[in-house]
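Since the structure is predicted, the reported quantities are computational estimates derived from the model, not experimental observations. Just so it is clear: chains get the letters A, B, ... in the order the sequence lines come, proteins before strands, and each one is counted from 1.
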Amino acid sequence: MKLLLIHSDYIEYEVKKKAIKTPEEIEKKTDRFDEALTVFTAIEKIDADSSDQAIKNAITEITKTAEQLKVKNIMLYPYAHLSSDLASPKQAQNLLIELEYELRQKDFNVKRSPFGWYKAFKISCKGHPLSELSKTITPGEKDDESESLKKERKLSSYWHILNEDGTLHKIDEFDFKQHENLRKFSFYEKEKSRAVKQEPAHVKLMKKLEIADYEPASDAGNMRYYPKGRFIKKLLEQYVTRRVVDYGGLEVETPIMYDMQHPTLSKYLQRFPARQYQIESDKRNFFLRFAACFGQFLMAHDATISYKDLPLKLYEMTKYSFRREQSGELTGLRRLRAFTMPDVHAMVSDMDMAMDEFKIRFNLSLSVLQDIGLDTNDIEMALRTTKEFYNENKEFIVNLAKRVGKPILVELWDERIFYFVLKFEFNFVDKSDKASALSTDQIDIENGERYDIQFTDMNGEQKHPLILHCSPSGAIERVIYALLEKEAIRMSNGEKAMLPVWLSPTQIRFIPLGDEFIENCNAYIEELQNHSSLELIRADVDDRDESVGRRIRDAEKEWIPLIIVVGEKEKTAGRFKPRFRSSELGDNNKVYSLEELAGIIDSYGTGFPTEPLPLPRLLSKRPRFK
RNA sequence: GCCGCUGUGGCUUAGAGGUAUAGCGAUUCCUUGGUAAGGAAUAGGUCGUGGGUUCAAUUCCCACCAGCGGCUCCA
């Protein structure tokens with residue numbers, strides 16, 4: 001729906017002749033309204049499809065404006081020329097009548113000019129800034145069904161802590177003494193308000209380290225990534241993809257936008273409305289995907305699948321998934337509107353296979369996070385299921401808790417409300433005590449049927465599979481957020497922050513004491529590479545005309561794991577005394593050969609992807625992005 | 001999305017109804033240095049955007065945008 005709102009001294013019209021075959025019957029030929037908000041209105045095709053919502057949203061907009069302007073009089077004026085995608089005249093007329101009725105209910109004085117006529121009109125616009133406004137209304141905001149689902153879920157949801165010894169405690173009776181983060185996480189999940197007021201630590205870091213930043217020219221929640229950020233993101237993407245492929249995931253690529261009218265998808269959208277970006281293209285409406293589900297399910301629907309192919313695992317690193325989160329919910333890299341999400345689905349024949357697969361993916365997720373640098377100390381596990389499922393599979397669930405080696409949060413429902421029966425999440429608790437989900441997996445028992453995905457079983461019968469939805473690491477941006485927040489916490493404890501060596505854009509920095517040593521540094525880098533079993537070791541040279549102290553300080557601020565000053569001494573001896581950022585890496589008082597240094601980098605990099613330096617090797621040739 | 005706070009050169013910031021302060025960074029020059037800031041000079045600002053009030057607005061008012069906090073949300 002398109003609206004043109006004009007705050008007018010007066011509006012008057014005179015009906016001339018028919019504009020369509022069967023126009024509305026007219027009571028008055030002319031009419032006039034003083035001190036009125038004139039609402040020129042064009043009803044569009046999409047409004048007709050979900051008219052209730054369109055009306056509701058239009059009322060909200062009109063009411064808001066009328067209240068701002070403090071007007072009580074509203075003239076509804078059909079004006080087809082505002083849109084090129086009109087609803088049928090009949091639909092439009094009905095909607096206008098409804099709109100009129102609803103506005104009356106809100107205590108406005110409403111007049112409506114007749115539909116389907118050419119009319120002469122005079123209007124006097126007040127001309128102040130708010131006096132002319134145009135609005136586009138799209139239907140499909142809040143959906144009552146999902147609203148009630150949510151309420152229902154809250155009412156029938158029970159919170160517990162499951163100890164790794166298998167005992168289940170009510171959340172209020174559990175002793176959180178040794179489990180401070182679990183307490184924070186549980187509180188965050190179950191309660192609402194938080195007392196702490198703190199800016200997210202990672203936002204400052206992501207800018208300072210030239211990883212990512214807000215992009216004012218885009219929509220909120222769409223970030224820019226500087227070379228170092230793109231680099232870190234790229235390595236994480238590669239690593240997670242590699243792990244999923246090793247697990248058996250078949251990597252595919254699917255479109256990022258889908259037709260809103262597609263029969264299967266529109267049903268799915270009904271359940272989760274109003275959280276998508278929408279795109280209008282040539283009179284069709286598309287939404288941007290919020291996960292990889294659609295593409296993979298549609299692909300599976302068209303595939304010929306035998307029970308022998310199961311479990312069938314389809315995988316995509318979605319770049320991007322889009323969710324139009326409420327503006328107030330967006331923060332840094334923690335919650336975005338466009339994000340990179342590994343999404344691997346597994347189609348399985350029955351619940352037994354689903355549970356076996358669930359366990360495998362649970363271990364995969366745990367291992368992926370661990371390798372990235374987030375171990376069980378950094379995460380809190382949540383498990384959500386129905387009471388019935390829990391009681392029938394207690395041992396299975398307790399074993400999961402045992403695997404993480406500490407108590408977990410359990411949410412139990414009286415009845416299944418969502419499309420899944422069982423779900424786990426690994427959550428990260430940040431410096432501000434906020435919790436965010438990273439890895440997750442779910443057993444979905446609805447969508448195999450909804451998407452009509454079929455496999456042929458042993459007896460030659462067609463069956464719908466169960467589907468597991470897993471993101472082994474969670475959104476890549478969120479992984480970076482967690483790594484930065486973790487380091488922020490360490491810094492506040494007086495420790496030095498550092499990224500894992502395999503993720504560090506620069507692993508070794510050489511600081512030559514004079515220009516004459518730059519060549520030596522280059523030679524050292526080559527030699528390091530020759531000693532290394534890795535495809536690439538990332539070393540650079542700070543050749544800037546700055547003092548040594550200054551260059552060391554800058555390297556430290558960049559969190560570079562190894563810093564090596566090169567002068568006459570090193571040139572002669574061929575041995576080095578690096579500054580190790582962490583004592584785990586090496587001893588600051590010892591002298592190392594290049595071979596030994598290469599060995600250190602190797603020990604942290606083996607099994608991980610490598611990529612070249614994201615910036616020129618010489619610091620003097622690097623721009624500053626921040 | 002709602003409520004509240006904030007918005008000054010690339011960054012951090014001072015300030016006030018009469019077009020603005022400093023540090024860092026950048027540039028140039030000096031310094032050629034041994035493990036967390038060597039020195040000097042120069043350039044750089046539509047004071048978030050659009051309106052309004054006023055002789056005059058970056059400062060006051062309104063709207064919008066963005067960030068932050070809280071609510072909500074997190075399929």
Notebook entry, point to check: So, for A/R337 and A/E325, which heavy atoms are closest and what is the spacing to 0.1 Å?
Noted result: NH2-O, 2.8 Å

Check: B/U35 P sits how many Å from A/E558 CD, rounded?
Finding: 21 Å

Next item on the list: Identify which nucleotide among B/A36, B/C74, B/G38 has an atom closest to any side-chain atom of A/S547, counting heavy atoms from C-beta outward.
Entry: B/G38

Next item on the list: Rounded off to whole Å, could you give me the CE-to-C1' distance for the A/M341 and B/C74 pair?
Entry: 11 Å

Note to self: Can you check the distance between B/A66 and B/C30, where both ends of the measurement are the C1' atom (answer in whole Å)?
What the structure shows: 43 Å

Item checked: A/R324/A/D219 ion pair, N-O < 4.0 Å -> yes

Check: Can you say whether the rings of A/F420 and A/W413 are parallel (under 30°), tilted (30 to 60°) or perpendicular (over 60°)?
Finding: tilted

Distances under 3.5 Å only, N/O to N/O: pair up the protein atoms with those of nucleotides 66-68 of chain B.
{"from": "B/G67", "atom 1": "O3'", "to": "A/Y214", "atom 2": "OH", "distance (Å)": "3.2"}
{"from": "B/C68", "atom 1": "OP1", "to": "A/Y214", "atom 2": "OH", "distance (Å)": "2.7"}
{"from": "B/C68", "atom 1": "OP2", "to": "A/L330", "atom 2": "O", "distance (Å)": "3.4"}

Checklist line | Distance, P atom - from B/G44 to B/C68, rounded to whole angstrom | finding: 33 Å

If you restrict it to nitrogen or oxygen atoms, what contacts under 3.5 Å exist between nucleotides 24-30 of chain B and the protein, and what is each distance?
{"from": "B/G25", "atom 1": "OP1", "to": "A/R550", "atom 2": "NH1", "distance (Å)": "2.9"}
{"from": "B/G25", "atom 1": "OP1", "to": "A/R550", "atom 2": "NH2", "distance (Å)": "2.6"}

Item checked: Check: B/G34 base within 3.5 Å donor-acceptor of A/E570 side chain -> yes

Check: A/R553: what forms a salt bridge (Lys or Arg N to Asp or Glu O under 4.0 Å) with it, not counting sequence neighbours?
Finding: none

Grab the N/O contacts between the protein and nucleotides 5-8 of chain B below 3.5 Å, and write none if there aren't any.
none

Checklist line | A/F297 and A/H469 aromatic centres sub-6.0 Å | finding: yes

Notebook entry, point to check: Going by the ring pair (Phe, Tyr, Trp, His ring centres under 6.0 Å) test, which pairs reach into residues 541-571 of chain A, not counting sequence neighbours?
Noted result: none

Check: What stem regions, each of at least 3 consecutive Watson-Crick or G-U pairs below 3.5 Å, can be found for RNA chain B?
Finding: B:1-7 with B:65-71, B:10-12 with B:22-24, B:26-30 with B:38-42, B:48-52 with B:60-64

Checklist line | C1'-based separation of B/U72 from B/G9 [nearest Å] | finding: 38 Å

Note to self: Please report the distance separating the C1' of B/G25 from the corresponding atom of B/A41, rounded so that it comes out in whole Å.
What the structure shows: 16 Å

Notebook entry, point to check: Can you tell which of B/C73, B/A75, B/A36 lies closest to the side chain of A/Q442?
Noted result: B/A75

